[in-house]
Novice: 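Attaching a single structure in structure tokens format; questions to follow.
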Amino acid sequence: MYWPLGTPRIYATSSSRQPGPVHTVSHDGLPSRPQQPEQKPDDALLLSPNGPGPSSGPLTPVTPITPLTPGIKPVEHDYTDDEDEDDGFGVPPGPAPADLPLNEPILALRVARAGHIFAVITATTLTIWQTKPTVVLAVVVRSKASLDAYGTNTNLLLRPDSAILVIHTSLGFLITYSLATDPDARIYRPHFPNHTNVQRRRQSHAGEPGHTAPDQILWGPGEGPGVRDVSVRFRMVIKVDAGIESALALDDELVVATRKPAAVQCIRWTPDSSGSQTSTELLSRMSWLEKRVTVKEITHDRPMNLSTWVTSDGRAYAVQRLCKAQSGGGSNEPADTKKLFKGYCFHTPQSERDHAVRCVVNARFSLIAVGCADGSVRVYSAKDYSGNIPPSHVHSVPVSLSTTGQLTTLIYSPDGYCLFAGFEKGWVTWSVYGKLLSNTFHADHAIAASNGEEWISGVRDAAWVGGSCDLLLTGKSHEAVWLLEMARSAVTGCYSPANLFRTVLQSTSNIMVYRGYDLPDLTSISAEPALWHTARIPPGYLWNQWPVRCTAISADGRYVAVAGRRGLAHYSVNSGRWKTFTNEVLENEFQVRGGMCWYQNILVAAVEANRSFELRLYSRESALDGTVAYTQPMSAPVVLITVTGEDSLLAYTYDNLLYHYIFTPGPPGGSIRLIEVGHIAFHGIVRSPARVRGLSWILPDHQLLEGDPTQDVAHASVLFLVDGKLVLLRPSFAEGNLKYDMRVIAHNVEYYLNMRDRPYTHEAAPQRLIPGPDGSGGSGALEDSLWLFDGAELKAWPDMDPVMKAISGEEASRELPALVPVPIDFYPLSVVLPKAIVLGVEPDLIQRRDINFSFFRFAIRTHLFLPDILRFHLTANRSASALQLAQQYEQLEYFPHGLEILLHHVLDEEVDANPPPTPEHAILPRVLSLLSSFKQYLDIVVQCTRKTEVRSWRTLFAYLPPPQELFEESLQRGNLKTAGGYLLVLHTFDELATASEQSVRLLSRAMQEEDWDLCKELARFLAALDETGETLREAMELAKARCCAKCGGSAQISIGCTEPPIIHQRLWATARTVHLPFCQPRHSTTDIDPPTKEPLIFNNSATTTLIFFVIDLLSEVPFASLIVPSTCHPSLNPTTYLQIDTDLCVASRSPKMDDYGTESESDYTSYWRDWFISLRGNEYFCEIDEEYLTDRFNLTGLNTEVQYYQYALDLVTDMFDLDCDDEMRETIEKSARHLYGLVHARYIVTTRGLAKMLEKYKKGDFGKCPRVMCNSHPLLPMGLSDVPNLKPVKLYCARCEDTYNPKSSRHASIDGAYFGTSFHNILFQVYPTLVPAKSVERYVPRVYGFKVHAAAALMRWQDAQRASMRRRLRKMEVESGFKDNEAEELEDDDGEEDEEDEDNDVEIDDDIDEAGGENQGQLMRYRGAGPVAIAGGGGGSSVPSAFSGDAHMGSVA
């Protein structure tokens, strides 16, 4: 539920030199001057936890006399409700050096529990930062004496309340510092006393800048308190003689794991009642630990009071600290005061790849994540404290370990919904149960390195701040800290039905509302950024109340409310105006705790004010001036609130009670109020109310419609989401008492959607259906469905009634019904039931070479769930339910596409099934039976055949009527394009003869209905059947006879002489494509000025019709302006033109085509593809069929690749009608070209696309191979990468198997991704007869006729290797693919192969050795850089590594 947003801010302290003493030098207890020889350190000043006495040996650094606890107050007091006063002590800064150490990389990053400050260390410095505003509060530079005595910094520990910092040094010392602050002191506060054009804090504003007080104008979110004045004081040095393996700072003590001996020491910040400050337990005495191990890492989670240890053998342990009463091993055993810990091993590695590296606890979901050496993260579920910690799931990295590097950091977001993992070469985030959210492993590290963006290439440490609004990152070896903003779902802070059904995202200062619910079907599923309504939260509220912790949207999407640290604000989406408190005192008087929800225009907020708990109702129409519409006191803090049904409110509290309220109008003239009608106690059912994340209930229909609301609590089935488990409580009565049957119905649930809670204000949804004849109940409409997401896929119960019966035991089997899986490749945020789609977002890291920074953005993703639900019903043999469900969504524009997906998936699975299913168990017949109930049935079948392999057609049509009948039915219905699709099926099944009656009937019908696009496609189809054109001629003659019989028309052609006219380029290409059979006219005239319409009649009327028909349809220009180049036929003079005039069935054409092709018209004509293909430099492209472009199935995923995707698609498909300026048009035009190229890469690997590219290949449109030995073999375009904007197009020669640059600079600038890396290989796989014989001719270097010795030796060696390989291939009866030039090469004695090979190897090696040093150097320099690729050597022979040469030098493949 978290996605990175934008580009991070960067902060650093050591990138520049600052004038003045801005930092302090710390000697860490050592004298500032060299110590005199007679001075000795005081042993009492050095704390050594390893022994009671002073340490012996060399001189020990002196620790100054300071109290063990100098009265330090936590720095986080401003972030709590405590009003304790600070002592106000401070230490004057010591002498400061001129400069800070430069370019020292950050080694560790730690954040305080409250998140208000964080600290970083380098090898010599300690820096304290304030989070908001992000500024440096203090910098401590350790002196040279301290570094020499204690060692450099290696790790940093921060007490959770940020009062004490501990630095772990390389020599095994722990240096502690205390941190204190004055809550009233500020070292920086902007003020503008003469600033007059500023409005004071207002109650209602639109959020523009300038609506804040004069001294607040420069403040951002959370920067209201200003910059605090802090004091850093050296405290003490702790010497650990046993060596420090790991350490952890807790609230009460410092836990240190030592190396020799292996032990765990607890050093209290203050002495206990007995005066002792340290306690130690050896690892060897811990029976639950393995022997001879050390503790490599320690973590602790305060809410769960649980620690995790990672030991040197790769195991992970869950550990608890024992108090004195718990020190005994059992109830009968005496207490052992030496026992400090008890634990359980929950992760045992099976191999070195499974060794634990990092460990982190997620208290909100009771999970423990273990990062392993192989980069994966194995997650365990902590069910109790007695060692019951079973495996839960695994987070897998999308790339290999070599790509990620070793795991460096692992951390959960504060709300537990997101897991961040940092690696040496990037980072990744997952949702709590394993859905991949974002990562940087696919980024271009070269671009990142050039931009200095180390946060992309690798992470050393990371931390969440601002209530998960921001993420702090440090690089592997960089001095900067990056602050990356995160956008997250509103469900993470406020779990309510409206937030689930209305997608809302929140970031640091904005809210984003998805607006596609009430838009047309096709618009709502697009990925346009305009579907997001983005509103900026008022800066006047954020400057002191940041971060926003709770966001709630109304059921109708009209209102949004936000709540930060104190107070709240709400917003109207329609008017775009916010309402905030006019009085800061009233705003700070309460805190939202327990969530918010909307009931119509009433905001319900669960608040805590003055240590009391209330439900407050605020009206959107009223000002936020302290007036509350209604206040409902609560006896305990509220866990969550939710609106259910039409007028009910549920409130669940920390005392484990669920209250049911009804919204009722108040007295006349008053506002609305709440009336409690019942409550349920869940004592003994829910152990920890704080872990309840979601709650709702399901009322029976009779109670919902006719029952007494006061009795709802006795009939409601309650759903709880606790620790990722979805629990259903089913009420029952036993002996007059109400009890609940509890059942965990799902595990690893991140969220669930109960369609009974779907807001009633949504557009009309499918209504509940009466039970069908198959007894399926009312599951057809999905109104009673329950949806849940488990981190892997979305699942659903189409009807909850069987689930209820299974739990209550009303049915014989208590097994839960099966869930319907809906696989998705993005994170789902909502299920839009009326539109049958799953809505989600997907992030994308954008790296461009024209800007010097990378940034994240996220795009809308949708998935049609209708095929999955229909298939579930059909698999269960519930055809009636499937039909009812399909009928409910028949009005959707993309409904046929959903049925096509269903047919496509089922067909693919049954074709690949082994063994194939029997007819009674096959799902395909049921799918086809369902499709036959809808009018789009024939179109769906044809569309499916276009997108499946031919081998699948037999299986499909085995359950369908013969294609001939489907063709006839399509003609009867008037679906001519569909009938044309069945012509292809008939041809594939060898049921279509030359010039068959079916093609003639369809062609004549298309002519009658003036469907010229279909006529064009039919002409191409018939021309492709026969290159001679006879099939097309015969079909045209028959179609002409049919049309003339009905229309009585005739065709005439005029010929004249004039200057060569401007010819549309596409006419030339298409005329050649169909092999237009021009004939020589018997009469001609001269000096006829165009545009004369005087006709000259050809005697051959059939040819006349053919010329007119084909040329007109392929050129798509009107007859009055159609000019045919005479060069189409060699018998016509080059200065002759043909002008066609006719009245045959084409009397009227669209006026918008009259001026097509003129130089003066706009580039944005109605035939954009014609114009694009005709441009110089675009000769490599083929024309994409319009049907392919308009099928969204073929455009999947391109919406995120192309800017202004929808406008670009409209332009390509000639539907663009936007009135915009020239700059905008140019941008859309550029996007349209990019979109056409990306679609082109997909189209040319289809059957139609391959056929078109094959024709261009045969004609040499892509050029000839420049290699002389290839004899001008035609080339094919190819890409070196499928990623756009990386590599330009190259040309591939199949004879020499090498690639070349295009000669023309226009062609060389085409993106190689427009052709892809696979097209040229697929073409030769589909047409194997086109694979040419490999070229074996090579250029032999000569000097005055004599071969150059070095080159000759190399060539002889290569010839021997080639001959040996060919003999082996021939022996295995494998075609070598090489052309034999000499007959004697074929006559090899197989019995002497091995001996000859060895002789050849020795001979060639001798020749090479005899070449001497000079010739050897010649070989190394021969023909430039690049190794000679030699394969198939066999016999252990090899070529010396000194050889270098061009790849054209006869590489053996």
Novice: Would you say the side chains of Trp309 and Thr311 form a donor-acceptor pair under 3.5 Å?
Specialist: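 Not at all, the side chains of Trp309 and Thr311 share no donor-acceptor pair under 3.5 Å.
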
Novice: Could I get the full list of ring pair (Phe, Tyr, Trp, His ring centres under 6.0 Å) partners for Tyr412, not counting sequence neighbours?
Specialist: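 In terms of ring pair (Phe, Tyr, Trp, His ring centres under 6.0 Å), with neighbours along the sequence ignored, Tyr412 is linked to no residue.
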
Novice: Can you name the residues that form a salt bridge (charged side-chain N to carboxylate O under 4.0 Å, His left out) with Arg515, not counting sequence neighbours?
Specialist: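 Scan of Arg515 (salt bridge (charged side-chain N to carboxylate O under 4.0 Å, His left out), adjacent residues dropped) gives none.
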
Novice: Looking at Met1, is its backbone amide N or carbonyl O close enough to the side chain of Ser489 to form a donor-acceptor pair, meaning the two atoms are under 3.5 Å apart?
Specialist: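 Looks like no, no N/O pair under 3.5 Å.
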
Novice: Yes or no on ring-ring contact (aromatic ring centres under 6.0 Å, His included) for Phe789 and Tyr433, after CA distance, side-chain angles and deciding distance?
Specialist: CA-CA 9 Å; Phe789 181 65; Tyr433 286 111; 9.4 Å; no

Novice: Who are the side-chain hydrogen bond (donor to acceptor under 3.5 Å, both in side chains) partners of Thr474, not counting sequence neighbours?
Specialist: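 In terms of side-chain hydrogen bond (donor to acceptor under 3.5 Å, both in side chains), with neighbours along the sequence ignored, Thr474 is linked to no residue.
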
Novice: Listed by chain and number, what are the salt bridge (charged side-chain N to carboxylate O under 4.0 Å, His left out) partners of Asp354, not counting sequence neighbours?
Specialist: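 Partners of Asp354 under the salt bridge (charged side-chain N to carboxylate O under 4.0 Å, His left out) test: Arg378.
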
Novice: For the atom pair CG (Leu782) and OG (Ser881), what is the distance rounded to the nearest 0.5 Å?
Specialist: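 Separation between the atoms: 10.0 Å.
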
Novice: NZ of Lys296: more than 12 outside heavy atoms within 6.0 angstrom?
Specialist: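 Open: at most 12 neighbouring heavy atoms sit under 6.0 Å from NZ of Lys296.
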
Novice: Quick one: do Trp427 and Phe420 satisfy ring-ring contact (aromatic ring centres under 6.0 Å, His included)? Show the steps, please.
Specialist: CA-CA 7 Å; Trp427 53 265; Phe420 175 91; 5.6 Å; yes

Novice: Who passes ring pair (Phe, Tyr, Trp, His ring centres under 6.0 Å) against Trp797, sequence neighbours left out?
Specialist: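 For Trp797, no residue satisfies ring pair (Phe, Tyr, Trp, His ring centres under 6.0 Å) once neighbours in sequence are set aside.
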
Novice: First locate atom CG of Leu794, then atom CG of Leu819, and finally report the distance between them rounded to the nearest 0.5 Å.
Specialist: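 Going from CG on Leu794 over to CG on Leu819, the span is 10.0 Å.
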
Novice: Once salt bridge (charged side-chain N to carboxylate O under 4.0 Å, His left out) is applied, do any residues pair with Lys795, and if so which ones, sequence neighbours excluded?
Specialist: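 By the salt bridge (charged side-chain N to carboxylate O under 4.0 Å, His left out) rule, Lys795 matches Asp790.
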
Novice: Testing the basics here: between Tyr344 and Tyr385, what is the closest heavy-atom pair and its distance to 0.1 Å?
Specialist: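 Minimum heavy-atom separation between Tyr344 and Tyr385: CE1-O, 3.3 Å.
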
Novice: What pairs with Tyr654 under side-chain hydrogen bond (donor to acceptor under 3.5 Å, both in side chains), at least two apart in sequence or on another chain?
Specialist: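 Once residues adjacent in sequence are excluded, Tyr654 has no partner under the side-chain hydrogen bond (donor to acceptor under 3.5 Å, both in side chains) criterion.
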
Novice: Would Ile389 and Tyr317 satisfy side chain to side chain contact (heavy atoms under 4.5 Å, CB included), going step by step from the backbone distance to the final call?
Specialist: CA-CA 10 Å; Ile389 308 178; Tyr317 295 83; over 6 Å; no

Novice: Over 60° means perpendicular and under 30° means parallel, so classify the ring planes of Tyr889 and Phe865, tilted if in between.
Specialist: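 Correct class here is perpendicular.
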
Novice: Quick one: list whatever passes side-chain hydrogen bond (donor to acceptor under 3.5 Å, both in side chains) with His393, sequence neighbours left out.
Specialist: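 His393: side-chain hydrogen bond (donor to acceptor under 3.5 Å, both in side chains) contacts with His395.
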
Novice: Apply the ring pair (Phe, Tyr, Trp, His ring centres under 6.0 Å) test between Tyr2 and each candidate in Trp464, Tyr827, Trp430; give the one that qualifies.
Specialist: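 The option that passes is Trp464.
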
Novice: Do the side-chain N and O atoms of Arg691 and Ser366 include a donor-acceptor pair separated by under 3.5 angstrom?
Specialist: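 Present: a donor and an acceptor within the cut-off.
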
Novice: Restricting to ring pair (Phe, Tyr, Trp, His ring centres under 6.0 Å), what partner residues turn up for His300, sequence neighbours left out?
Specialist: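 For His300, no residue satisfies ring pair (Phe, Tyr, Trp, His ring centres under 6.0 Å) once neighbours in sequence are set aside.
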
Novice: Any donor-acceptor pair under 3.5 Å linking the side-chain atoms of Thr642 with those of Tyr652?
Specialist: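 Note: Tyr652 and Thr642 side chains miss the donor-acceptor criterion.
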
Novice: Any chance you could measure Arg756, atom CZ, to Leu719, atom CG, to the nearest 0.5 Å?
Specialist: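 Between atom CZ of Arg756 and atom CG of Leu719 there are 11.5 Å.
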
Novice: Testing the basics here: between Ser854 and Thr7, what is the closest heavy-atom pair and its distance to 0.1 Å?
Specialist: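 Minimum heavy-atom contact is O-OG1, 2.7 Å.
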
Novice: Return yes if a side-chain donor-acceptor contact under 3.5 Å exists between Asn1199 and Ser526, otherwise no.
Specialist: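 Asn1199 vs Ser526: no donor-acceptor pair found between side chains.
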
Novice: CG of Leu407 to CD of Glu424: how many Å apart, nearest 0.5 Å?
Specialist: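 Between atom CG of Leu407 and atom CD of Glu424 there are 9.0 Å.
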
Novice: Check side-chain hydrogen bond (donor to acceptor under 3.5 Å, both in side chains) between Ser830 and all other residues, then give those that pass, not counting sequence neighbours.
Specialist: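 Here no residue qualifies.
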
Novice: Holding to ring pair (Phe, Tyr, Trp, His ring centres under 6.0 Å), I want the full list of residues that pass it with Tyr417, two or more places apart in sequence or in another chain.
Specialist: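 Scan of Tyr417 (ring pair (Phe, Tyr, Trp, His ring centres under 6.0 Å), adjacent residues dropped) gives Phe365.
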
Novice: Once salt bridge (charged side-chain N to carboxylate O under 4.0 Å, His left out) is applied, do any residues pair with Asp825, and if so which ones, sequence neighbours excluded?
Specialist: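 For Asp825 the salt bridge (charged side-chain N to carboxylate O under 4.0 Å, His left out) partners, ignoring immediate neighbours, are Arg861.
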
